[in-house]
Amino acid sequence: MNQTQMDAPRIRTAGEADTDDLAAMLTGLTDFSLYMRFQTAVGRPPRESLLLRLLRPAGAAWVATRDDEIVGHAMWAWAAASTVPTAELAVVISEPEQNRGLGIQLLGIAAGHAFEAGATRLLFVVNAANDRVARMIRRRWPAVAVERDGSLLNFVVPAAAQLPPASDSQMDQACSRSKAAASSAKPFTGASIPTGSSSSKAIRKTQAAR
């Protein structure tokens, strides 16, 4: 086993027990990284209600850990107000782990799980200033459909097993657990509580009601 494999983060299904560790990771992000993920201020530490929506979405969630600390989080949830089964995917990576390929590995797991759960489309809501993620999506899906919504770009692609999963050495059987959990994911109903990047409006309403 080479050094890269030894140092690779472990990926596993997320749960409520990860609340404190996820809060710590998000608190350690720069203001820019936080805004690129949530499109609004989320507080330091984030509110527990937001953390639970990240860990218990209407879909599934995963965390990547290194030395028992969370260094990445990915999730999918049924897109609100969609008339066809559309899974919104989102990922956030700690500052030291960015630009190492962890984000695409987590998205691969989430995309495969959403497809197994019945999603026919994948939705990525990206800030127009987030060139890095926009380029990644366009490289992976050159014919992706994109629509501008103010400061956001909505990328929509057909759901399929298009993203490679993390290697076995990086997984704590996350892929097998994901396939088993797909059958228990909440069914598509045409609407859901938004939990991905497009949840910024809901978050702002929550903050305004404090």
Side-chain angles (χ1 to χ4, degrees), residues 9-82 86-98 102-103 105-107 109-111 113-114 117 119 123-127 130 133 151-152 172 174 177-178 181-182 184-189 191-210:
R10 308 293 297 186
I11 300 171
R12 60 173 174 78
T13 305
E16 286 188 44
D18 296 310
T19 300
D20 290 343
D21 288 341
L22 180 59
M25 190 203 83
L26 295 177
T27 299
L29 292 175
T30 64
D31 291 341
F32 179 79
S33 291
L34 276 175
Y35 191 80
M36 288 298 101
R37 169 60 179 86
F38 296 102
Q39 316 304 327
T40 189
V42 297
R44 294 177 186 274
R47 291 174 62 86
E48 184 178 5
S49 58
L50 172 62
L51 294 169
L52 291 178
R53 284 161 60 189
L54 296 174
L55 295 170
R56 297 186 311 178
W62 296 262
V63 292
T65 65
R66 184 190 294 282
D67 298 328
D68 296 324
E69 294 184 359
I70 292 179
V71 297
H73 170 271
M75 56 167 284
W76 74 268
W78 295 118
S82 179
T86 302
E88 181 181 350
L89 277 67
V91 66
V92 62
I93 304 298
S94 69
E95 302 295 334
E97 298 291 339
Q98 292 179 13
L102 178 59
Q105 292 173 347
L106 285 167
L107 285 177
I109 295 170
H113 187 279
L123 169 66
F124 302 86
V125 181
V126 180
N127 190 289
N130 197 341
V133 173
S151 63
L152 302 177
D172 287 336
R177 286 203 299 261
S178 294
S184 62
K186 296 179 181 179
F188 174 73
T189 60
S192 68
I193 298 174
T195 49
S197 298
S198 62
S199 64
S200 57
K201 292 181 181 178
I203 296 172
R204 284 193 291 268
K205 288 181 181 178
T206 300
Q207 292 172 329
R210 290 181 189 175

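This chain uses plain numbering: 1 for the first residue, then up along the sequence. Just so you know, these numbers come straight off a predicted model, no measurement behind them.
- The closest side-chain heavy-atom distance from R47 to V42 is not below 4.5 Å.
- Side-chain atoms of E88 do not come within 3.5 Å of backbone N or O of V125 as any donor-acceptor pair.
- Nearest heavy atoms, G28 versus E95: O-CG, 4.2 Å.
- The aromatic rings of W76 and H113 are tilted relative to each other, their planes meeting at an angle between 30° and 60°.
- The two residues V63 and A14 come nearest to each other via the heavy atoms CG1-CB, 3.8 Å.
- A donor-acceptor pair under 3.5 Å is formed between the side chain of H73 and the backbone N or O of L54.
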Please assess L55 against E16 for the test side-chain contact (heavy atoms from CB on, under 4.5 Å), listing each intermediate value before the final yes or no. CA-CA 6 Å; L55 295 170; E16 286 188 44; 5.5 Å; no
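- Atom CG of L29 sits about 4.5 Å away from atom CG of L34, to the nearest 0.5 Å.
- For A79 against L123, the heavy-atom pair with the smallest separation is CB-CD2, 4.0 Å.
- Taking every heavy atom of both residues into account, P46 and A23 meet most closely at CD-O, 4.0 Å.
- Contact of the L26 side chain with the L51 side chain is registered, since non-hydrogen atoms from C-beta on lie closer than 4.5 Å.
- Side-chain contact between L102 and V71: present, with at least one pair of heavy atoms (C-beta onward) separated by less than 4.5 Å.
- The list of salt bridge (charged side-chain N to carboxylate O under 4.0 Å, His left out) pairs with a residue in residues 17-28, not counting sequence neighbours, reads R12-D18.
- For D31, the salt bridge (charged side-chain N to carboxylate O under 4.0 Å, His left out) criterion is met by R44, not counting sequence neighbours.
- Distance check, rounded to the nearest 0.5 Å: CD1 of I11 to CD1 of I109 gives 4.0 Å.
- Exactly one of F32, Y35, F38 qualifies for a side-chain contact (heavy atoms from CB on, under 4.5 Å) with N127. That residue is Y35.
- Applying the salt bridge (charged side-chain N to carboxylate O under 4.0 Å, His left out) rule to E48 yields no partners; only residues at least two apart in sequence or on another chain are considered.
- Counting only heavy atoms from C-beta outward, the side chains of Q98 and I93 approach each other to under 4.5 Å.
- There is no side-chain donor-acceptor pair under 3.5 Å between S151 and Q39.
- With values rounded to the nearest 0.5 angstrom, E69 atom CD is found 11.5 Å from M25 atom CE.
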